[in-house]
Amino acid sequence: MVYISNWVRYMAHKLEYSLTLSLKNHTEGRGVIDREFIGVVTKNLLYGRITYLHSVKGEGMAPTMGPHDNTLLVRKLPDVDTRYVSVGDAVVLKDPNETHKYLVRRLAALEGSEMVSSDEKEEPFVLEKDQCWVVAENTEIKSKEAYDSRTFGPVSLADIVGRAIYCMRTAVDHGPVSNSEFSMQEDSPILAVELDVDELVKDHKA
């Protein structure tokens with residue numbers, strides 16, 4: 001019964017992802033016309049995955065990630081807003097300074113939050129709509145040396161492409177990524193269906 005429940009929830013997430021992605025491509029004029037819409041949704045639903053593997057060095061995200069190469073299972077988030085991410089999530093986002101590269105950081109604050117610096121010389125400010133604040137997890141890194149919102153400022157939610165849900169630090173040291181309670185509940189059926197540890201090991205060794 002648990003497996004059936006996970007499968008039903010997984011397919012509901014997959015349908016939502018397929019619809020969201022297809023609608024996004026449709027509204028952005030990427031060639032998806034009305035008569036093709038159902039076909040695209042069906043193809044994504046039947047054959048697509050809603051996770052992908054991502055390799056990254058994890059010094060800034062210790063202890064969740066190791067200092068060397070880590071292999072992450074990342075849940076795709078095609079259209080990010082405050083319904084799909086929560087404070088505490090480990091998110092994959094475009095590097096604000098090199099948009100062809102990606103970072104993994106903790107989501108620390110969302111739109112409407114007042115940000116107050118420990119430096120009295122800096123004025124408090126409020127995150128604007130669709131803005132967020134991300135931080136490195138490693139507390140041993142000084143704030144001025146951390147490559148996160150403390151150095152590059154707020155980032156757009158639109159720059160978030162996924163949420164890390166499983167991390168392989170080494171072939172014998174791996175497990176689910178600790179995210180917000182809401183996100184971990186949402187991601188549990190996806191982990192149950194799409195997690196393949198052998199695939200992670202193979203990718204990690206490669």
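Position 1 is the first residue of the sequence; numbering continues from there. Bear in mind that the values here come from a model prediction, so they are computed numbers and not experimental data.
- Here CE of Met65 is found 11.0 Å from CG of Asn138. Values are rounded to the nearest 0.5 Å.
- The nearest pair of heavy atoms linking His204 to Ala171 is CD2-N, 4.5 Å.
- Atom OG of Ser86 is separated from atom CG of Leu110 by 7.5 Å, given to the nearest 0.5 angstrom.
- Proximity of a side-chain donor or acceptor of Asp203 to a complementary backbone N or O of Val201 within less than 3.5 Å is not detected.
- The two residues Asn6 and Ala192 have their closest heavy-atom pair at ND2-CB, 3.7 Å.
- Every side-chain hydrogen bond (donor to acceptor under 3.5 Å, both in side chains) that His174 has, sequence neighbours left out, goes to Tyr166.
- The neighbour count for Lys76 NZ, taken as heavy atoms of other residues, nucleotides or ligands under 6.0 Å away, is above 12.
- The same ILVMFWY cluster, assembled from side-chain heavy atoms under 4.5 Å apart, contains both Val85 and Leu93.
- In this structure, NE2 on His54 lies 9.0 Å from OH on Tyr102, to the nearest 0.5 angstrom.
- Residues Pro176 and Asp187 form no side-chain contact, since every pair of their non-hydrogen atoms from C-beta on lies 4.5 Å or further apart.
- No continuous path of ILVMFWY side-chain contacts below 4.5 Å connects Met11 to Leu77, so the two sit in separate hydrophobic clusters.
- One N or O on the side chain of Ser149 and one on the backbone of Val134 form a donor-acceptor pair closer than 3.5 Å.
- Distance check: Leu73 CG to Thr51 OG1 gives 4.5 Å after rounding to the nearest 0.5 Å.
- Looking at residues two or more places apart in sequence or on another chain, you find a side-chain hydrogen bond (donor to acceptor under 3.5 Å, both in side chains) between Asp173 and Arg169.
- Taking each heavy atom of Val87 and Ala108 in turn, the nearest pair found is CG1-O, 3.6 Å.
- In terms of hydrophobic clustering, with Ile, Leu, Val, Met, Phe, Trp and Tyr side chains grouped at heavy-atom distances under 4.5 Å, Val56 and Met168 are assigned to different clusters.
- At a threshold of 4.5 Å between non-hydrogen side-chain atoms, the residues Tyr52 and Val161 count as touching.
- In this structure a side-chain-to-backbone donor-acceptor pair under 3.5 Å is missing from Asn179 to Ile165.
- A continuous path of hydrophobic side-chain contacts links Val155 to Ile160 [ILVMFWY only; heavy atoms under 4.5 Å].
- For the pair Lys202/Glu199, no side-chain contact is recorded, criterion being any heavy-atom separation below 4.5 Å from C-beta on.
- Under the 4.5 Å side-chain criterion, counting only non-hydrogen atoms from C-beta, Val104 is not in contact with Val91.
- Taking each heavy atom of Ala109 and Met115 in turn, the nearest pair found is CB-SD, 3.8 Å.
- Lys14 contributes a side-chain N or O that, together with a main-chain N or O of Gly48, makes up a donor-acceptor pair within less than 3.5 Å.
- Scanning for side chain to side chain contact (heavy atoms under 4.5 Å, CB included) contacts around Glu114 gives Val116, Pro124, Val126, with sequence neighbours left out.
- Judged by distance alone, the side chain of Arg105 and the main-chain N or O of Tyr147 form a donor-acceptor pair under 3.5 Å.
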- Message: Working note: Leu191 + Arg75, criterion side-chain contact (heavy atoms from CB on, under 4.5 Å); need CA distance, chi angles, decisive distance, verdict.
- Response: CA-CA 9 Å; Leu191 267 176; Arg75 177 182 176 174; over 6 Å; no
- Decide side-chain contact (heavy atoms from CB on, under 4.5 Å) for Asp69 and Lys57; before the verdict, give the C-alpha distance in whole Å, the side-chain angles of both, and the deciding distance to 0.1 Å. CA-CA 5 Å; Asp69 289 338; Lys57 293 185 182 297; 3.1 Å; yes
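- A distance of 4.5 Å separates SG in Cys132 from CG in Leu157, rounded to the nearest 0.5 Å.
- Ring pair Tyr10/Trp7 is tilted by interplanar angle, where 30° to 60° counts as tilted.
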- Item | Glu186 and Tyr84: CA distance, side-chain angles, deciding distance, side chain to side chain donor-acceptor pair (under 3.5 Å) verdict | CA-CA 9 Å; Glu186 289 288 293; Tyr84 300 113; over 6 Å; no
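- With sequence neighbours left out, Glu122 forms a side chain to side chain contact (heavy atoms under 4.5 Å, CB included) with Ser117, Asp119.
- At a cut-off of 3.5 Å, with distance as the only test, a side-chain donor of Asp89 or Ser183 sits close to an acceptor on the other residue.
- Sequence neighbours left out, the pairs with a member in residues 129-139 that pass salt bridge (charged side-chain N to carboxylate O under 4.0 Å, His left out) are Arg106-Glu137.
- Although no hydrogens or angles enter the test, the distance criterion places no donor-acceptor pair under 3.5 Å between the side chain of Ser180 and the main chain of Gly88.
- For Asn70 against Cys167, the heavy-atom pair with the smallest separation is OD1-SG, 3.8 Å.
- Hydrophobic clustering, with ILVMFWY side chains joined whenever heavy atoms are under 4.5 angstrom apart, keeps Val74 apart from Val177.
- Using a 4.5 Å heavy-atom cutoff, the side chains of Asp95 and Phe152 are not in contact.
- Residues passing the side-chain hydrogen bond (donor to acceptor under 3.5 Å, both in side chains) test with Glu145: none are found, sequence neighbours excluded.
- Residues Ser143 and Thr151 come closest through the heavy atom pair O-CG2, 3.9 Å.
- Note: Arg163 CZ to Ile190 CD1 = 7.5 Å, rounded to the nearest 0.5 Å.
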